[in-house]
Amino acid sequence: MKKIVFLISAALIVLGMVACQQSESADNTDKAGEVTVNETPKPAAAPAAPAAPKKPSYIEKAEAMEASSVEFASTEHDFGTVTDGDLVRHTFEFTNTGAAPIVIQRAKPSCGCTTPNWTKEPIQPGEKGVIEVEFNTKNKPGMQTKTVTVTGNFADQINKVLKIKGEVKKAG
């Protein structure tokens, strides 16, 4: 049985090679019977690579800046008890304690109900910046803890984590 499979496979390979040669010679002969040279078609121009999305200017500034130190006045805030549907906000203040400007590249919330907004311009040594965090309590009953992870040109290369918490009570 193995011999039969081998013979059939070999016959198919030979048949394929002969068919390819006949096809090539047919391509090399024009209607008048003259042999022509196959020209290799020029490859189509490669599609242009998609342009990388432009980074916001504050991220470009942070990447280009020397690392510096930052100190937050506090990294946690307790809203206490709030009513379902309230929009609550807290502003975290920080100071540039280093020798180079600080730029916050990103402030990433732990969920979609939390929205950070921060100082986008470089904060010079000794100056203060802010990160405002808004929490939408709608349909979030019970104890809630949310975080915002802050990335910047920090000398210790450690992201800073800000935390807000509180208890959301049903309205009425």
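These figures come from a predicted structure and were not determined experimentally. Computed over heavy atoms, backbone and side chain alike; hydrogens, waters and symmetry mates excluded. The first residue in the sequence is number 1, and the count goes up from there.
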Exercise. After noting the C-alpha distance and the side-chain angles of F135 and R89, does the key distance pass the side chain to side chain contact (heavy atoms under 4.5 Å, CB included) rule?
Worked result: CA-CA 6 Å; F135 171 51; R89 291 179 189 86; over 6 Å; no
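- Looking at every heavy atom in both residues, P122 comes nearest to P101 through CB-CB, 4.0 Å.
- Closest of all the heavy-atom pairs between P116 and V148 is CB-CG1, 4.0 Å.
- Taking F92 as the reference, H90 meet the ring pair (Phe, Tyr, Trp, His ring centres under 6.0 Å) condition, with sequence neighbours excluded.
- A donor-acceptor distance shorter than 3.5 angstrom exists from the side chain of T119 to the backbone of V130, with no hydrogens or angles considered.
- A distance-only check finds a donor-acceptor pair linking the side chain of S68 to the backbone of A100 [under 3.5 Å].
- Two residues are said to be in side-chain contact when any heavy atoms from C-beta on lie closer than 4.5 Å; I131 and V150 meet this criterion.
- Looking only at side-chain heavy atoms (C-beta outward), C113 and K146 come within less than 4.5 Å of each other.
- To the nearest 0.5 angstrom, T91 atom OG1 is 9.5 Å from N117 atom CG.
- When only modelled atom types and interatomic distance are considered, T149 and N159 share no side-chain donor-acceptor pair under 3.5 Å.
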Identify each donor-acceptor pair in which a side-chain atom of residues 78-86 lies under 3.5 Å from a protein atom, sequence neighbours left out, and give them as a table.
from, atom 1, to, atom 2, distance (Å)
D78, OD1, G80, N, 2.7
D84, OD1, N139, N, 2.8
D86, OD2, T83, N, 3.1

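- In this structure, the side chains of F154 and I104 come closer than 4.5 Å at one or more pairs of heavy atoms.
- Counting heavy atoms from C-beta outward, N96 and E127 have side chains that stay 4.5 Å or more apart.
- Remark: K160 fails to qualify as a cation-pi partner of F72 under the 6.0 Å distance and 45° angle criteria applied to the six-membered ring.
- Between G98 and P125 the shortest heavy-atom distance is O-CB, 3.2 Å.
- Taking the side chain as every heavy atom from C-beta outward, W118 and E132 never approach each other to under 4.5 Å.
- Taking every heavy atom of both residues into account, V70 and I102 meet most closely at CB-CD1, 4.3 Å.
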Could you tabulate the donor-acceptor pairs under 3.5 Å formed by side-chain atoms of residues 161-172, not counting sequence neighbours?
from, atom 1, to, atom 2, distance (Å)
K165, NZ, E76, OE2, 3.2
E167, OE2, K169, NZ, 3.3

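- Closest approach of E66 to N153, counting heavy atoms only: O-ND2, 2.9 Å.
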